[in-house]
Amino acid sequence: MNLFAEIRSLVTDSLTALAAEGVLPTGLDFAQVAVEPPRDPAHGDMATNAAMVLAKPAALQPRAIAEALAAKLMLDPRVTGAEVAGPGFLNLRLAANVWQGVVKAALTEGLAFGKSSAGAGRRVNVEFVSANPTGPMHVGHVRGAVVGDALARLLAFSGWDVTREYYINDGGAQVDVLARSAYERYREANGLEPEIREGLYPGDYLIPVGEALKAKFGTSLLDKGEEIWLADIREIASDMMMEEIRGDLAALGVKMDVYSSEKALYGTGQIEAAIKALRDMGLIYEGTLEPPKGKTLEDWEPRVQTLFRSTAHGDDVDRPVMKSDGSWTYFAPDIAYHYNKVQRGFDELIDIFGADHGGYVKRMKAAVSALSNGKVPLDIKLVQLVKLYKNGEPFKMSKRAGTFVTLRDVVEQAGADVTRFMMLTRKNDVTLDFDFAKVLEQSKDNPVFYVQYANARINSVLRKSREAGIDCSDAALANADLAILGHPAEIAMAQKLAEWPRLIEIAAKGNEPHRIAFYLYELASEFHSLWNKGNDDHSLRFIQEGNAATSSAKIALARATGVVISAGLGILGVTPVEEMR
RNA sequence: GACUCCGUAGCUCAGCCGGAUAGAGCGACGGUUUCCUAAACCGUAGGCCGCGUGUUCGAAUCACGCCGGGGUCACCA
């Protein structure tokens, strides 16, 4: 149930009726007609801009349209007031039972309340994390992981068929470095002094890899050159790192549906096929790029390379797919990988990248646009940096100083739930401060706590009510006499609940999971406010001593709020807590 | 130099598919208790929405140009 959508339908139906009566011209486009909560609640319960949007195409005064529409809307029993205001807004007041109906809907629909079918079962692929398999995940990866996972959940809730995917960058030079680093640990495992040269990965996490290599190869590789062992060790080491990464993701509550390997693209003709597809479109050519202006490259020299004409699809310059020595650039397998996703039949692709990949967006979109004939949209979300703080002091990460903060560190110190929520309290394109001291604080400074506290209060009410012998099943509460919920504070609570389905629609449309975190905060605030009003006005308390009917209605409101909080936290991947003690 | 993101209250940030008097938290000041507990609530103060031009009935929101800050910038991934 989406009340805003229902009222919008009522508005457009009324407009159609007015057109049939000759009051309005026929054939008007209602696409711009919106029904929204007014900024100022004093204006009413809902507002529509219909008259202003249609004034011009209908060649009528906005107020004339608004008045005709108002009269029409007043015929519907749900509408108790329709008032023309300002330049032509139509402010609507809805009957109390409409809002009470929202409470009932939340109780009967449960966690499915607010679910939308906007996705219509279409298939969307959300690619995120995609870290190199060269070590455990660090704090920088956490935000992308959380945003991607929450987005995936949001889209699933909105009726999309979602695939979560991790692209393993195991094809490039950095896995060679991993292999060489692991080889040193293998020597170490055999009692030799490891030579962790400049450029190798020094982390302790490779020691177990060395042990594993010793267990498998004994001493047989000790006196061999890398041409003998590189390929084998590369595979073993990156497999072990991927195991580590899967564990890291699991600790954060993230589960991928598909792991795709870059390396697996090589030698299978997939890269060649993707490039050929572009070549057939006339988008591949041999050429020389101009040096970038303004930035002096000392070793710049003109080179003939195989280039992708990405400028034909909105990029600023064409991009190399092949190096001057004839090997593929990183971009080539990436094109092949996205081509693969297109061929798998996805209706939409989403990539979550770190902000340092900003320069990559246009070329990737160009490639997907070309390879899908513009049919498959690719949305790329750039996730900005996370700045770590400890006790208010900025905390610099350094591998050398041993202050390297891993995902595990964060999860162990803050907990997966808190980490996830905090990572979603900013929109993706803004840097985020993460203060270890603050996220654990139990006060309204900390939005996670604030929302969880509201839920704990709700559960406390339910617990006490059950002890008092009231049937608190959702079915029983849904059948309570909800007409009792007539106080403005209670109606306001129900109105906030009514926004939930609309919020989901907006968040899913823009791929913006952070909106849910903000909404939950507002919802919790509304609830805490209502709760405290019960201190002054005991008739607003949820449990009304000796009056089971009244109690049931009020408890229903609390429970409905709890349902939405649980649903919202569920999309964020956060576990709702029952009590705070 | 190009591309991109950001610029909203003292601070940290929402809002930005155009809508009415621009919101929240923190910080400051004043007040209210206990159904989960003041871990919360209520109120007061605080704003050329970076600047300018344009589009529009209407611009924090859209377009363009500046200014300031972050990120990125051929054969790294």
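Just so it is clear, the model here is predicted, and its values are computed rather than measured. The figures that follow rest on heavy atoms only: side chains count, while hydrogens, waters and symmetry mates do not. We name chains A, B, ... by the order of the sequence lines, and we start the count at 1 in each one.
Between the CG atom of L540(A) and the P atom of rC35(B) there is a distance of 14 Å, given to the nearest Å. Per the geometry, CZ belonging to F353(A) stands 21 Å off P belonging to rC3(B), to the nearest Å.
The side chain of V430(A) lies closest to rC6(B), out of rC6(B), rU33(B), rC3(B). The side chain of N532(A) approaches rC41(B) more closely than any other nucleotide in the set rC41(B), rG19(B), rC75(B). Side-chain proximity of D429(A) to the nucleotides rA20(B), rU72(B), rC6(B) is greatest for rC6(B). Across rC75(B), rC36(B), rC41(B), the shortest atom-to-atom separation from the side chain of K464(A) is found for rC36(B).
Stretches of at least 3 consecutive Watson-Crick or G-U wobble pairs, with each checked distance under 3.5 Å, appear in RNA chain B as B:1-7 with B:67-73, B:10-13 with B:23-26, B:28-32 with B:40-44, B:50-54 with B:62-66.
Under 3.5 Å, the side chain of Q384(A) and the base of rC5(B) form no donor-acceptor pair of N or O atoms. Between the side chain of K427(A) and the base of rC13(B), no donor-acceptor pair under 3.5 Å is found.
Among the heavy atoms of the strands lying under 4.0 Å from K56(A) are primed sugar atoms or P, OP1, OP2 only; no base atom is included. No contact: E290(A) has no heavy atom under 4.0 Å from any strand.
The aromatic ring of Y453(A) does not sit over the base of rA40(B); the criterion of centres under 5.5 Å apart with planes under 30° is not met.
At the phosphate of rA74(B), neither OP1 nor OP2 sits under 4.0 Å from any side-chain N or O atom of K323(A). At least one side-chain nitrogen or oxygen of R515(A) sits closer than 4.0 Å to the OP1 or OP2 atom of rC16(B).
Qualifying side-chain contact (heavy atoms from CB on, under 4.5 Å) partners for H538(A), counting only residues two or more places apart in sequence or in other chains: R541(A).
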